[in-house]
**Student:** 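Structure in structure tokens, see below.
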Amino acid sequence: MHINPDRFLTSLHRLRQFGASGHGKGVVRPAYSDADMAARDWLAGEMRDAGLDVQWDAMGNLFGLAPEPSLLIGSHTDSQPEGGWLDGALGVMAGLEIARAARDAGGPPVSVVSFQDEEGRFGVTTGSAVWSGALSLEAADALTDTAGVSLASARACVAPREVSSIDPRGFKGFLEMHIEQGPVLDDARERLGIVTDIVGIRDLRITFDGQQNHAGTTPMALRRDAAQAMMQFNALLCERFRNVVTPQSVWTMGHIALHPNTPSIIPGRATFSMQWRDGNLDRLEHMERIIRDTAREIGEGGFDVTFGPLLALDPVVMDAGLRGALEAAARETGAAWRAMPSGALHDATNVSRVMPVAMLFVPSIGGISHAFEEDTREDDLVLGLRVLGDAVARLA
Ligand code: HGY
Ligand code: MN
Ligand code: MN
């Protein structure tokens with residue numbers, strides 16, 4: 001196979017134009033937005049030109065299929081509400097370039113996928129969760145984004161395209177190349193990471209309902225201020241986590257909504273996302289008990305506490321055979337590499353339910369991602385592509 005780095009980089013930059021944010025190389029291409037669907041339609045054309053059979057499923061997951069059995073390579077092309085040009089896009093465009101090179105060389109068969117809503121506008125890696133059977137389409141449809149839009153209504157935009165169901169049994173395995181999105185490789189001046197395992201995640205929407213009232217006339221002692229309840233919850237939680245977590249455990253309240261969110265009204269309602277991640281299943285569950293108990297305890301001070309559905313993905317280990325091929329290919333380059341866990345979630349977590357999976361990382365400059373500043377040196381992008389291509393050849 002002859003990989004063409006210029007063709008790969010040109011395609012990657014072309015994809016960046018869909019939803020280009022105007023801030024450096026940033027993109028705004030959330031799942032099912034006009035920019036996301038336009039990018040998918042463009043990608044479908046590129047897949048067709050690469051000789052692949054283009055198929056969509058009801059979620060809007062987009063596949064370019066080679067004859068069975070094939071290796072599946074890809075990731076996602078949706079972005080965070082403020083995202084970078086490489087998160088997800090890199091894995092899809094690397095898959096496309098390897099599929100083109102494989103077609104030119106007469107094999108091996110390589111299929112390509114862009115999963116939908118990996119970034120969790122509605123859940124956590126929603127498109128691959130439905131495709132792999134981890135989440136039913138009915139349960140997914142009932143999920144809502146932070147503006148209250150349901151997934152069922154958002155995915156209606158897929159409908160003009162013919163949809164089918166793509167059988168996971170047609171694939172021998174799944175390879176996902178991704179930027180690290182953290183500081184480890186960049187700090188160590190290493191150029192490749194071979195993933196050992198992906199951490200688990202839990203995500204829970206919590207609401208405190210107190211009493212909306214006048215911010216001037218209501219004495220402090222008589223208030224049921226939902227914003228204060230949320231802040232007390234956070235302070236107590238950090239204290240209680242102290243003896244439970246490790247330096248690898250993380251937790252985030254990334255979305256907060258106060259009602260009515262205006263200076264002269266005591267907030268009657270606070271709704272927020274509580275997300276936590278860890279490589280250890282017992283610790284994830286221990287953290288959940290602390291979160292629920294702490295929220296209920298705050299509730300005893302005069303608040304109704306409501307928990308939304310718990311979104312959960314357990315930690316997964318990468319397949320030894322696929323990982324071995326990536327390691328052999330990395331070793332061959334002579335570049336510095338390491339085996340490492342992934343602290344970010346990836347579609348590979350869901351896909352591991354239905355076939356062997358492995359992942360390859362390249363460094364993120366300054367460890368920055370989920371931000372417009374996200375970037376990676378182009379020679380690292382190309383090195384990763386070559387290693388992925390070499391691994392595919394070894395597995396053929
Ligand atoms: O949040 C994550 O880890 C992934 O980028 N969706
Ligand atoms: Mn990603
Ligand atoms: Mn991401």
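Starting from 1, each residue takes its place in the sequence as its number. As a basis for the values below, the full set of heavy atoms in this structure was taken, side chains included, without hydrogen atoms, waters or symmetry mates. Order of appearance sets the numbers: ligands from 1, and atoms from 1 within every ligand.
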**Student:** Please confirm whether Ala344 comes within less than 3.5 Å of ligand 1 when only nitrogen or oxygen atoms on both sides are compared.
**Tutor:**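 N/O-N/O distance below 3.5 Å does not exist for this pair.
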
**Student:** With distance as the sole criterion, is a donor-acceptor pair present between the side chains of Thr294 and Arg240 under 3.5 Å?
**Tutor:**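 The criterion, which ignores hydrogens and geometry beyond distance, is satisfied for Arg240 and Thr294.
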
**Student:** Check whether the ring centres of Trp131 and Phe63 lie less than 6.0 Å apart, and answer yes or no.
**Tutor:**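 Centroid distance Trp131-Phe63: below 6.0 Å, so yes.
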
**Student:** Cation-pi check, Arg292 to Phe307: give yes when NZ or CZ is under 6.0 Å from the six-membered ring centre and within 45° of the ring axis, no otherwise.
**Tutor:**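 Geometry flag: set, cation within 6.0 Å and 45°.
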
**Student:** Tell me which one of Arg277, Gln181, His346 gets a heavy atom nearest to atom 3 (O) of ligand 1.
**Tutor:**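 Among Arg277, Gln181, His346, the closest heavy atom to atom 3 (O) of ligand 1 belongs to Arg277.
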
**Student:** Could you tell me the separation between the OG atom of Ser75 and the CG atom of Asp347, rounded to the nearest 0.5 Å?
**Tutor:**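 With rounding to 0.5 Å, OG (Ser75) is 5.5 Å from CG (Asp347).
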
**Student:** Tell me if the aromatic rings of Phe361 and His346 count as close, with their centers under 6.0 Å from one another.
**Tutor:**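 Yes, ring centres under 6.0 Å apart.
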
**Student:** Between the Mn ion (ligand 3) and His370, which N, O or S atom of the residue is the nearest one?
**Tutor:**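 Distance check against the Mn ion (ligand 3) picks out NE2 in His370.
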
**Student:** Report, in ascending order of atom number, the atoms of ligand 1 lying under 4.0 Å from any heavy atom of Leu345.
**Tutor:**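 Here the atoms of ligand 1 in question are 2 (C), 3 (O), 4 (C).
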
**Student:** Is it true that some N/O/S atom of His178, main chain or side chain, lies under 2.8 Å from the Mn ion (ligand 2)?
**Tutor:**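 Under 2.8 Å: His178 contacts the Mn ion (ligand 2) through an N, O or S atom.
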
**Student:** Strictly under 2.8 Å, is any N, O or S atom of Glu119 next to the Mn ion (ligand 3)?
**Tutor:**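 Yes.
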
**Student:** Report the atom name of the nearest N/O/S atom of Asp87 relative to the Mn ion (ligand 2).
**Tutor:**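 Within Asp87, restricted to N, O or S, the Mn ion (ligand 2) is closest to atom OD1.
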
**Student:** Looking at Asp304 and Arg269, is any side-chain nitrogen of the basic one under 4.0 Å from a carboxylate oxygen of the acidic one?
**Tutor:**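 Asp304 and Arg269: not salt-bridged.
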
**Student:** Examine His76 and say whether one of its N/O/S atoms is closer to the Mn ion (ligand 3) than 2.8 Å.
**Tutor:**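 Looking at His76, which is the residue asked about, there is no N, O or S atom under 2.8 Å from the Mn ion (ligand 3).
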
